[in-house]
Engineer: 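This is the structure, below, for whatever I ask next.
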Amino acid sequence: GSLSDFVQSSNKDKVDDIEYVDNFVKRVLADEEYFTVISEDIPSYPGYQTEPFKKIVADNFDDLVISNDNDVFVAFTAPWCPHCTNLKPILNETAYLLKDTKAKVCEAFGPCVGTGVYYIDGSKNDIPECVPSIEGYLTLYFWPAGKKDEAPIKYGGIKRFKDILNFINKTSTNPIEIPPYNEDEI
């Protein structure tokens, strides 16, 4: 992002003022001012919390990916990326197939213990420090339950439904019973 993304909204008009920018950098280096995380708004439409395949943002990344007991597969995307556009329906089908494998005990407004399949627009959200690297879009990472303090596993396989499903199944900490499915329909 540009410097204007990090400056408080009341001071965005000052990013072209060299003296202001110089003082801003000095305040940051002196720990007197802090950068803010760039994040889209957390989606709040009806049904968002229960969607199997959902968009996440920088502000809810930790809650949905790191600070829980779920196995989590995340696609780092950008709206202009054709690979991302092509993969979203496959990830959606994967999430819907896996949605009933989650434990039946769920928090009232949070995700169930099980497997989460999410995507985040890396062009509009800061990438959390727990992500080793995003060298381009599309980038896919998997965080196994119980191993969130370790580096996530980067998925580099074929971007087909059965390959992604097999990767999630083999890499998951939580046991998954994959329901029957017709691959021709996906």
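Quick caveat: nothing in here was measured; it's all calculated off a predicted structure.
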Engineer: For residues 76-88, which side-chain N or O atoms pair as donor and acceptor with protein atoms under 3.5 Å away, sequence neighbours left out?
Structural biologist:
| unit_1 | atom_1 | unit_2 | atom_2 | d |
| --- | --- | --- | --- | --- |
| T77 | OG1 | I120 | O | 3.1 |
| T85 | OG1 | C81 | O | 3.2 |
| N86 | ND2 | P82 | O | 3.2 |

Engineer: Salt bridge (charged side-chain N to carboxylate O under 4.0 Å, His left out) with D62: which residues, sequence neighbours excluded?
Structural biologist: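 Result, salt bridge (charged side-chain N to carboxylate O under 4.0 Å, His left out) vs D62: none returned.
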Engineer: Residues two or more places apart in sequence or in another chain: which of them pass salt bridge (charged side-chain N to carboxylate O under 4.0 Å, His left out) with K148?
Structural biologist: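 In terms of salt bridge (charged side-chain N to carboxylate O under 4.0 Å, His left out), with neighbours along the sequence ignored, K148 is linked to no residue.
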Engineer: Sequence neighbours left out, what passes salt bridge (charged side-chain N to carboxylate O under 4.0 Å, His left out) with K147? Give chain and number order.
Structural biologist: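 Salt bridge (charged side-chain N to carboxylate O under 4.0 Å, His left out) list for K147, sorted by chain: empty.
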Engineer: In this structure, are over 12 heavy atoms from other groups packed under 6.0 Å from E32 atom CD?
Structural biologist: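 Correct, the count exceeds 12.
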Engineer: Output all residues satisfying salt bridge (charged side-chain N to carboxylate O under 4.0 Å, His left out) with D22, sequence neighbours left out; order by chain, then residue number.
Structural biologist: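 Partners of D22 under the salt bridge (charged side-chain N to carboxylate O under 4.0 Å, His left out) test: K26.
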Engineer: Can you list everything that forms a side-chain contact (heavy atoms from CB on, under 4.5 Å) with E135? Sequence neighbours excluded, please.
Structural biologist: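 With neighbours one apart ignored, the set is S133, K154.
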Engineer: Who passes side-chain contact (heavy atoms from CB on, under 4.5 Å) against I158, sequence neighbours left out?
Structural biologist: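 With neighbours one apart ignored, the set is R160, D163.
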Engineer: By side-chain contact (heavy atoms from CB on, under 4.5 Å), which residues pair with S44, not counting sequence neighbours?
Structural biologist: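 If we apply the side-chain contact (heavy atoms from CB on, under 4.5 Å) test to S44, skipping adjacent residues, there are no hits.
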Engineer: Sequence neighbours left out, what passes side-chain hydrogen bond (donor to acceptor under 3.5 Å, both in side chains) with N60? Give chain and number order.
Structural biologist: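 Partners of N60 by the side-chain hydrogen bond (donor to acceptor under 3.5 Å, both in side chains) criterion, ordered by chain and then number, come out as Y48.
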Engineer: Taking only residues two or more places apart in sequence or in another chain, which ones pass side-chain contact (heavy atoms from CB on, under 4.5 Å) with N166?
Structural biologist: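 Residues passing side-chain contact (heavy atoms from CB on, under 4.5 Å) with N166: none at all.
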Engineer: Quick one: does Y141's side chain have a donor or acceptor within less than 3.5 Å of a partner on F73's backbone?
Structural biologist: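 Not at all, since once roles are kept as given, no pair shorter than 3.5 Å links the two residues.
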Engineer: Holding to side-chain hydrogen bond (donor to acceptor under 3.5 Å, both in side chains), I want the full list of residues that pass it with T173, two or more places apart in sequence or in another chain.
Structural biologist: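 By the side-chain hydrogen bond (donor to acceptor under 3.5 Å, both in side chains) rule, T173 matches no residue at all.
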